Participant: 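Structure below; questions to follow.
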Amino acid sequence: MSDYSPREIEKKWQSAWAKDNVDQVTEDKKKEKYYCLEMFPYPSGKLHMGHVRNYSIGDVFARYKKMRGYNVLHPFGWDSFGLPAENAAIKNNIHPAQWTYKNIDEMRRQMKDMGFGYDWTREVMTCHKDYYKWEQLFFVKMLNKGLAYKKKSTVNWCEDCKTVLANEQVQDGKCWRCGKNITTKEIEQWFFKITNYAQELLDGCDKLPGWPERVLTMQKNWIGRSEGAEVDFAIKGVKDTKLRIYTTRPDTIFGVTFMSIAPEHPLTASLCKGKPQEKEVLAFVDKIRRTSKIERTAEGGVKEGVFTGSYAINPLNNEEIPIYAANFVLMDYGTGAVMAVPGHDTRDFAFAKKYNIPIKVVIKADWMSANPTDAELKDAYVEPGIMVNSLEFNGINSELAISKISDYIESKKLGKKTINYRLKDWGISRQRYWGCPIPVIYCDKCGMVPVPEKDLPVVLPEDAKLTAIGDNPLSKIDSFVNVKCPKCGGMGHRETDTMDTFVESSWYYARYTAPKDEPSGINKEKAAYWLPVDQYIGGIEHAIMHLLYARFFHKVLRDFGYLTGDEPFKNLLTQGMVIKDGHKMSKSLGNTVDPDYIINKYGADTARLFSVFAAPPEKDLDWNDHGVEGCYRFIGRIWRFIDNNSSIWNEMKGISVLSQNVSAANLSPEIKKLRSFTHKTLKKVTSDIDIFGLNTAVAAMMELVNEIYKIDVSKINKDDKKVLKEVTEILVLMLTPFAPHASCELWNELGNDGMAIQHIWPSVDEKAVIEDHKLIVVQINGKVRAKMEIPTGTSEEKVKKIAFADVNVKKFIEGKEIKKVIYVEGKLLSIAVSGS
RNA sequence: GCCCGGAUGGCGGAAUGGCAGACGCAAGGGACUUAAAAUCCCUCGGUUCUUACGAGCUGUGUGAGUUCGAGUCUCACUCCGGGCACCA
């Protein structure tokens, strides 16, 4: 063997693996399955270190599981629809498809250079009709079930470019292309009724013990279940119309001193009609309508409102209360109208102070008087307390009053108890070209008609002219738009909206189980064998949207009979970002590191090793070029050790030594110690990988190599050599998931046939791990004063006796009173003393 | 504003309530070499005392607390990062 030159051996092994199809899997009922999945990438053009890290973590884990004997599904694909392809198309005058496929080819080459063990026969590309036609089928089914529907909704709109803008295309409230202030526009859009599943998605959070707690917390908060009541307030001087509000605090209803309604509320216009305030209110509504969604939420909490001129009547005490239109009330949450209680809500309090609205206390804390002065009431009192100023409810606890008042409201038919969710339906319409066409045709006679299953896929036409201005390019392709109605045969026109790319990534994990399958898109038997995904790995940025949408889709596909089980991902690992120079690595900041450079200089094994060694997977990784060198040296040290001792491996050729029962009698003490250390390391590496402690697993292997280097190989006997081979084999096998190329090479160099990656994971010789001596630390008043090597199993009495005989211990307890002695078996003796 | 994280040497990081700083990087020293690179070995939180061997004190963002014992648990605070849909 020669010097470690990674690129040569990596190419050699990559082609050997490909030739033998080592990573292809089929359903095998005899083996336990394991589905390991990393989030698929958007083919932006080049792999970045974030990808390298994500896929290295996944590959270590998948290879480890294979060595543990599982039937491992480890697939890969491309999330290949989306906005960047359209932008590139406009900028470089290249078709989005061409740009995308070119990027995929380049990135696939890089992925293969990294030596990731994917079953490439299962590769999917979401922009291919063989993938998205199934999505169109699911859409039609959802439409028929009422899970897909259309409603009016607002989008960012640039008046100059006459185009809809994604949030990303709005910068500081301005159009990124022309710089003009953007406005909003109401258009008909498609939605998925994810809210139908709100409760199940919430309940499911408690059935996912393999997910990080913080991701579940975020999802729960996002779904945002709240219990409250809807109450109808009459409007003074208006007969049939009532103003319906939603509140989570019915206990504060006697403290209402004004009402806030959303500017877009359908009643706003009529409430101010003919009043002196009409002009002002309409101007306010117009201003809010024109502010973009982003701006409106990014205003930094400036609360604004105008009095509409109308009054509502509190149904519980008949008080007249002014109605305000307010910028902070949202039309798409609750009922779009809020009863405002400044005495017990901080936001209402601030608003009341600003507009000089009275503040009324209805819940009293111990320190409060029933009618506190302004000086006394510096802020809203939001805690529970005793009810006051609330007629027959006075004197009871406010928490009890919530249900009492709700019951009262229901019994008097003034409103009803309700459960609300913050979760909104998922808007999937995009006025974009590079996406999955929504399979619907509009006919003057028959109305909206879904495309029949036999006519799917609705193929995205290739001859689109992409520009940054004007309507969706699809709407300008006559051959696409003008089609016959599937129902009556008369002329109709196609829907030109395409779907949000989150739709593609919501079910790809299921498609991988049978990626070529016809005619249903998901093969039930194969999906049932492989799903759920046992380990899902991806960035924390997908903690809410992607993961929630995929969970939703899984439930929908389950209800359609495609899938079994309620959840798609059993265990989830959210990995941190790759940081350089204090910032997230990104093209725009110019602090990217090219993986090709690392691979060419140090090899894929080093790149893989470093990306899992430098930080624990869940944490952000601070990239440092020097650190890479250390991992390269580590592989080099193993390489040289094996190379320098080839005579030993030759001598041992054909002798199986792995985890043998070695008779300790003939071994020299150092070798005996080394064997024990090796099995301890194996135990640690195994349990570390199981819990994704990949950085400490690598550190443990480095320690083992340091120990191996302490052995003087020239002085060891024949039995010692056997053990040395065992030790080295265990090391190489442990290294295999991390650095598969070098490991395969070294495995053969040790005189073994076959591939290390197909070898079974070594097992721990528990006997070798047992220690005959234990190190006992002696603490006096919490400070370490002595360390003692004591034979394992020594009695507490004897340990104490030895400790108290220690010179240093004596020094620190001399002349002092011993208050307490605590012994922790085989570990520590703690002595508490007092006095001087 | 709300929610979720985090803070340990010059740096990345390690530590079931039990020896703080494993492992790696950087730095310094030595061996090998004509030399350099590579490699191999040693030292490496701060500080005081000691010729030395060594011994002591101090130290995990700040301040309290619980405990024989706290980086780890509790409370209050400071700073940093991430997320957000002003949620009635």
Side-chain angles (χ1 to χ4, degrees), chain A residues 3 212-215 217-218 220-222 224 226 228 245-249 252 259-262 293-294 296-303 326-330 332-341 345-348 350-351 420-424 540-541 543-545 576-577 579 582 584 609-610 613-616 618-631 633-634 636-637 640 644 693 695-706 709-710 775-787 808 811 818-824 827-834:
Chain A
D3 286 353
E213 199 52 53
R214 72 187 236 247
V215 173
T217 307
M218 283 192 240
K220 284 182 197 167
N221 291 345
W222 191 265
S226 69
I245 60 94
Y246 171 71
T247 181
T248 54
R249 292 291 305 274
T252 63
M259 306 288 276
S260 321
I261 67 169
K293 278 196 270 186
I294 305 159
R296 194 169 157 190
T297 51
E299 265 166 6
V302 179
K303 316 276 187 275
N327 66 344
F328 58 84
V329 182
L330 304 175
D332 50 9
Y333 181 77
T335 60
V338 188
M339 64 174 213
V341 188
D345 181 279
T346 45
R347 190 178 57 197
D348 294 343
F351 194 89
N420 242 295
Y421 299 92
R422 288 170 46 167
L423 184 69
K424 297 174 195 168
I540 185 72
E541 65 271 23
I544 296 174
M545 308 257 266
M577 293 183 300
I579 306 284
K584 180 182 173 167
L609 203 56
F610 179 69
F613 172 65
E618 323 74 62
K619 284 183 84 175
D620 288 350
L621 182 155
D622 208 312
W623 185 269
N624 162 336
D625 289 347
H626 296 296
V628 182
E629 196 100 25
C631 288
R633 282 205 278 260
F634 167 61
R637 269 163 81 81
R640 280 186 295 277
N644 291 341
N695 54 328
T696 49
V698 175
M701 289 190 279
M702 287 173 167
E703 280 182 77
L704 176 59
V705 172
N706 291 344
Y709 263 75
K710 287 178 191 164
L775 184 74
I776 309 275
V777 173
V778 183
Q779 292 183 349
I780 296 166
N781 284 353
K783 290 207 163 77
V784 179
R785 298 301 179 188
K787 294 172 190 181
N808 211 37
K811 191 172 113 192
I818 292 172
K819 291 201 316 196
K820 206 169 188 179
V821 180
I822 289 161
Y823 178 60
V824 181
K827 256 187 178 173
L828 166 128
L829 187 74
S830 182
I831 304 163
V833 297
S834 67

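Remember, it's a predicted structure, so these values are computed and weren't measured experimentally. In the text below, chain A, chain B and the rest are named by the order of the sequence lines, each starting its count at 1.
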Participant: Would you classify A:Leu775 as touching base, sugar-phosphate or nothing, given that sugar-phosphate means primed atoms plus P, OP1 and OP2, and contacts are heavy atoms under 4.0 Å?
Facilitator: base
Participant: At under 4.0 Å between heavy atoms, what does A:Arg347 touch on the DNA or RNA strands: base, sugar-phosphate, or nothing?
Facilitator: base
Participant: Using a heavy-atom cut-off of 4.0 Å across all strands, would you classify A:Thr696 as base, sugar-phosphate, or nothing?
Facilitator: sugar-phosphate
Participant: So what does A:Asn695 touch, heavy atoms closer than 4.0 Å: a base, only the sugar-phosphate, or nothing?
Facilitator: sugar-phosphate
Participant: Who passes side-chain hydrogen bond (donor to acceptor under 3.5 Å, both in side chains) against A:Lys220, sequence neighbours left out?
Facilitator: A:Asp206
Participant: Please classify the nucleic acid contact of A:Gln779 as base, sugar-phosphate, or nothing, using heavy-atom distances under 4.0 Å.
Facilitator: base
Participant: Please name the nucleotide paired to B:G28 by Watson-Crick or G-U wobble geometry with both distances under 3.5 Å, or report none.
Facilitator: B:C42
Participant: Indicate, with a heavy-atom threshold strictly under 4.0 Å, whether A:Lys819 touches base, sugar-phosphate, or nothing.
Facilitator: nothing
Participant: Within the 4.0 Å heavy-atom criterion, would you say A:Asn706 contacts the bases, only the backbone, or no part of the nucleic acid?
Facilitator: sugar-phosphate
Participant: Counting any heavy atom closer than 4.0 Å, what does A:Phe634 reach on the DNA or RNA strands: base, sugar-phosphate only, or nothing?
Facilitator: nothing
Participant: My understanding is that a pair needs two contacts under 3.5 Å, Watson-Crick or G-U wobble. By that rule, which nucleotide pairs with B:A76?
Facilitator: B:U62
Participant: CD1 of A:Ile261 to CD1 of A:Ile245: how many Å apart, nearest 0.5 Å?
Facilitator: 13.0 Å
